[in-house]
Amino acid sequence: MDVGTAYGRKPGQSLLELTQVGPGTPYGEVLRRYWQPVALSTDATTTPKRLRILGEDLVLFRTRRGAAGLLAPDCAHRGASLFYGGVEDDGIRCCYHGWVFDTEGRCLEQPCEPELGRHRDRVRQPWYPVREYHGLVFAYLGPPDRKPAFPVYDVLENLGEGEAVYADDKSFGAGGPAEVDFNWLQHWENVMDQFHIPILHARFSGNQFIPEMAVLPECTFSYTEQGVRVTAMRDFSDGRVLTRLTDVVFPNIRLIPGPRLTVVGPTPIVGWAVPFDDTHFKVFTLFRATNPDYLATESLKLGDGKNWHELTEEEHQRYPSDYEAQKSQGPTAVHSREFLTTTDQGVAMLRRMMAKQIKAVADGGDPVGVVREGETTTYHVLAGSYFDGVPAASR
Ligand code: FES
Ligand SMILES: [Fe+2]
């Protein structure tokens with residue numbers, strides 16, 4: 001008798017408590033306890049922009065005096081969208097009856113009411129706090145009494161001669177669409193998956209990085225104070241041994257050392273996989289470099305040096321990369337059908353740590369890494385590429 005045929009296969013299930021991001025969902029509430037990048041600063045202009053973040057529709061704008069604002073789109077009067085509003089010195093004016101709201105949702109004016117609205121201070125347009133850091137707009141979408149200090153990253157501070165920090169929102173760069181159309185966790189988990197590098201990025205699709213990355217690494221996995229780390233050792237058999245530390249940092253941050261090894265030491269690249277909703281996300285990145293093209297030059301090269309957007313269906317098949325592998329796991333991966341093995345240890349550790357944060361929040365506590373004292377808190381980046389062993393962790 002044939003064994004293992006597809007006949008009668010039961011529908012699979014996804015780990016919804018880890019993948020869903022909307023208000024009230026288990027991990028959605030974890031994500032809401034941290035500042036999240038939501039747009040490039042250059043996207044916040046006097047022309048309102050629609051955003052969808054963690055399943056919530058929002059409108060981003062910048063007042064004529066320069067303050068970024070993030071408001072619910074449906075006007076507190078009768079629900080017309082502020083996407084059609086007009087931006088003024090200190091707020092945005094609804095197109096329907098002209099109510100004006102400032103960046104914190106206060107109603108400044110109701111032009112058709114006596115005295116421009118005697119009771120206008122009773123109205124509040126729902127809003128979220130924002131702040132800008134190195135060219136990205138960050139927002140805090142969580143409970144106001146839990147707002148954390150704003151984290152800054154040591155690799156993005158104290159710049160050297162000729163260096164600058166650049167912001168990027170192209171997700172996979174030349175290797176995929178800027179707005180990615182599957183569940184964000186498939187991508188975040190991939191950060192822990194070092195074994196796909198020699199296979200997908202070296203053997204399968206031709207060498208997409210540098211020959212050294214084709215060496216099968218020896219990996220160990222560990223928890224850090226705020227996430228999970230994979231330590232990948234590669235012996236290049238020429239006297240060089242590379243130790244490459246790749247970290248996920250809660251709740252959705254990735255610290256990936258550039259795979260072309262042009263930087264030795266801590267990675268100057270900090271990325272966030274920000275869910276728009278359950279099946280769309282974008283990777284926002286900040287990186288320190290002397291050259292604004294640094295991130296693009298680190299990214300993978302597809303067959304014949306083409307851009308992902310230029311590939312035919314047949315070329316996508318011949319040169320699959322991160323996008324093809326992760327997207328084809330489904331709009332949301334079907335976890336009940338997985339067969340995790342030793343190489344998936346980092347993925348399993350990440351999921352366990354996610355479940356812990358869900359419980360911490362449900363029990364009324366703070367998830368990992370949340371600091372509430374002070375305006376800012378500094379995160380020390382150790383993830384990186386090292387040839388002479390890893391310097392002792394200084395945190
Ligand atoms: S609906 Fe916005 S002012 Fe009336
Ligand atoms: Fe990859």
Side-chain angles (χ1 to χ4, degrees), residues 48 59 61 71-88 91-102 105-113 116-117 119-120 122-127 170-177 180 182 184-210 212-217 219 230 232 244 246-248 254-261 267 269 271 273 283 285 295 298-302 308 316 319-329 343-344 346-347 383:
V59 167
F61 63 96
L71 302 179
D74 51 317
C75 173
H77 180 215
R78 281 171 47 211
S81 176
L82 297 178
F83 176 71
Y84 301 105
V87 171
E88 307 194 345
I92 184 167
R93 186 181 295 275
C94 178
C95 71
Y96 206 5
H97 314 96
W99 291 18
V100 178
F101 303 102
D102 73 8
R106 288 180 209 90
C107 187
L108 304 181
E109 191 183 321
Q110 298 170 334
C112 309
E113 295 295 315
L116 298 179
H119 305 298
R120 61 177 184 265
R122 291 193 200 153
V123 177
R124 195 86 185 232
Q125 181 67 17
W127 66 287
K170 296 192 194 65
S171 295
F172 291 81
V180 190
F182 54 84
W184 72 282
L185 184 57
Q186 270 136 263
H187 179 72
W188 201 41
E189 286 184 341
N190 173 260
V191 177
M192 285 292 99
D193 184 341
Q194 287 299 298
F195 294 96
H196 85 283
I197 297 173
I199 305 298
L200 178 70
H201 293 305
R203 286 189 207 165
F204 207 91
S205 301
N207 201 313
Q208 298 182 320
F209 296 128
I210 53 172
E212 285 94 326
M213 295 311 281
V215 175
L216 201 65
C219 291
V230 50
R244 190 163 175 263
T246 306
D247 292 2
V248 287
R254 43 173 243 188
L255 298 176
I256 304 179
R260 293 178 183 279
L261 304 179
T267 179
I269 310 170
V283 181
T285 307
L295 192 66
E298 278 294 316
S299 95
L300 50 83
K301 298 287 173 286
L302 300 174
W308 180 86
H316 281 295
Y319 307 115
S321 184
D322 286 313
Y323 177 80
E324 284 75 14
Q326 294 164 34
K327 161 84 178 169
S328 61
Q329 290 177 292
T343 53
D344 302 305
V347 171

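Counting starts at 1 for both ligands and their atoms, in listed order. This structure is a prediction, so every number in the text was calculated from the model and none was measured.
Aromatic rings of H187 and F172 (six-membered ring for Trp) have centroids within the 6.0 Å cut-off, being under it.
H77 has its closest N, O or S atom to atom 4 (Fe) of ligand 1 at the position named ND1. Among the heteroatoms counted here (N, O or S) of H97, ND1 is the one nearest to atom 4 (Fe) of ligand 1.
Not one N or O on the side chain of T246 forms a donor-acceptor pair closer than 3.5 Å with the backbone of I256.
At least one N/O/S atom of D322, whether from backbone or side chain, sits less than 2.8 Å from the Fe ion (ligand 2). Atom 4 (Fe) of ligand 1 does not have C75 among its coordinating residues (no N/O/S atom, backbone or side chain, under 2.8 Å).
For the atom pair E113 CD and H77 NE2, the distance stands at 7.0 Å (nearest 0.5 Å). For the atom pair CG of D247 and CZ of R254, the computed distance is 13.0 Å after rounding to the nearest 0.5 Å. Atom CG in D322 sits 11.5 Å away from atom OG in S171 (nearest 0.5 Å). Here the CD atom belonging to Q326 is positioned 7.5 Å from the CD atom belonging to Q186, to the nearest 0.5 angstrom.
Heavy-atom proximity to C94, at under 4.0 Å, picks out these atoms of ligand 1: 1 (S), 2 (Fe), 3 (S). Counting atoms of ligand 1 from 1 in the listed order, those under 4.0 Å from a heavy atom of W99 are 3 (S). Ligand-side atoms of ligand 1 in range of G98: 3 (S), range being under 4.0 angstrom from any heavy atom.
Of all protein heavy atoms, the one lying nearest to atom 1 (S) of ligand 1 is R78 N, 3.3 Å.
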